[in-house]
Trainee: 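Pasting in a structure now, in structure tokens, and then I'll have a few things to ask.
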Amino acid sequence: MRLVVAKDYDDMSRKAANIIAAQILLKPNSVLGLATGSTPIGTYSQLVEKYQAGDLDFSQITTVNLDEYRGLSPEDDQSYQYFMNYHLFSKVNLPSENHFLPDGTNTNSEAECERYKNVIHSQGGVDLQLLGLGHNGHIGFNEPSDTFVKDVHLVDLTERTIEANKRFFASADDVPKQAYTMGIGTIFQAKTILLVVSGAEKMEALDKVMNGPISPQVPGSILQLHSNVIVVADEAAAAWRLK
Ligand code: GLP
């Protein structure tokens, strides 16, 4: 894993956007795996700026998102589809038929997991997968558990994740309790993985991901085995180096 330390959140966002921009420039028809959460918001706004400046073209790009809450429709302002439309899709020239997320409204979880797995497969593989990191070390919505789950699956969110994500909802009771997510195997198929991490409250999780034992109890720790992972973390998140 390569660690790039950024000064602060803005610097992390610029560095991450530069890496994604390089991917788009070098391969204009790249398949990008995208993430939600507050961490990549700055990265997306940097990409939008580069597009507006005429430096990036998304017309041949395809995107597949990591995850989606089960039960939320794309119009729901807490859905990840809405998030992506708001922060990126509506602001760049990415064709609407080129972006994909799990369908949170499909209550047939088996059918939805199979459908989304095939969607990802039919794109021919992810070139660059952007990831954030949960406080408990989760990636996508792969929560700490006794095993690594390989494929797209439905997960029960942990109390810690519900607690962390309730800031976006009226109350913790409104946070969906389940989500569809790419599995660890799905994420691993990406040629390049770009993990963005910001803030002191993520330091412990990042330390475990990069330096701890590889364990499904810290799902992100499996990234130690991938041959091409770039971690862009701000100084606060990477402060374990100074301990
Ligand atoms: C959610 C998402 C993850 C994200 C995590 C951290 O649980 N499913 O993909 O990485 O939150 O979010 P944040 O960046 O807001 O801390």
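As the structure lists them, so they are numbered: ligands from 1, and atoms in each ligand from 1.
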Trainee: Would you say Asn85 and Ser90 are linked by a side-chain donor-acceptor pair, where the criterion is simply a distance under 3.5 Å?
Mentor: no
Trainee: Taking the ring of Tyr80 and the ring of Tyr69, is the distance between their centroids below 6.0 Å?
Mentor: yes
Trainee: Considering residues at least two apart in sequence or located in another chain, which fulfil the side-chain contact (heavy atoms from CB on, under 4.5 Å) criterion with Gln78?
Mentor: Leu72, Asp76, Phe168, Phe169
Trainee: Any protein N or O within less than 3.5 Å of an N or O in ligand 1? List each pair with its distance, or say none.
Mentor:
unit_1, atom_1, unit_2, atom_2, d
ligand 1, 7 (O), His138, NE2, 2.9
ligand 1, 7 (O), Asn165, ND2, 3.4
ligand 1, 8 (N), Asp67, OD2, 2.8
ligand 1, 8 (N), Gly140, O, 3.2
ligand 1, 10 (O), Leu133, N, 3.4
ligand 1, 14 (O), Ser38, N, 3.3
ligand 1, 14 (O), Thr39, N, 3.0
ligand 1, 14 (O), Thr39, OG1, 2.4
ligand 1, 15 (O), Ser38, N, 2.7
ligand 1, 15 (O), Ser38, OG, 2.6
ligand 1, 15 (O), Arg167, NH2, 2.9
ligand 1, 16 (O), Lys202, NZ, 2.7

Trainee: Test of understanding: clusters of I, L, V, M, F, W, Y form through side-chain heavy atoms closer than 4.5 Å, transitively. Do Val209 and Leu194 belong to the same one?
Mentor: no
Trainee: Can you see whether Tyr86 has Lys91 sitting over its ring - NZ or CZ less than 6.0 Å from the centre and within 45° of the normal?
Mentor: yes
Trainee: Do Phe83 and Leu157 sit in the same hydrophobic cluster, where Ile, Leu, Val, Met, Phe, Trp and Tyr count as joined when their side-chain heavy atoms come under 4.5 Å apart?
Mentor: yes
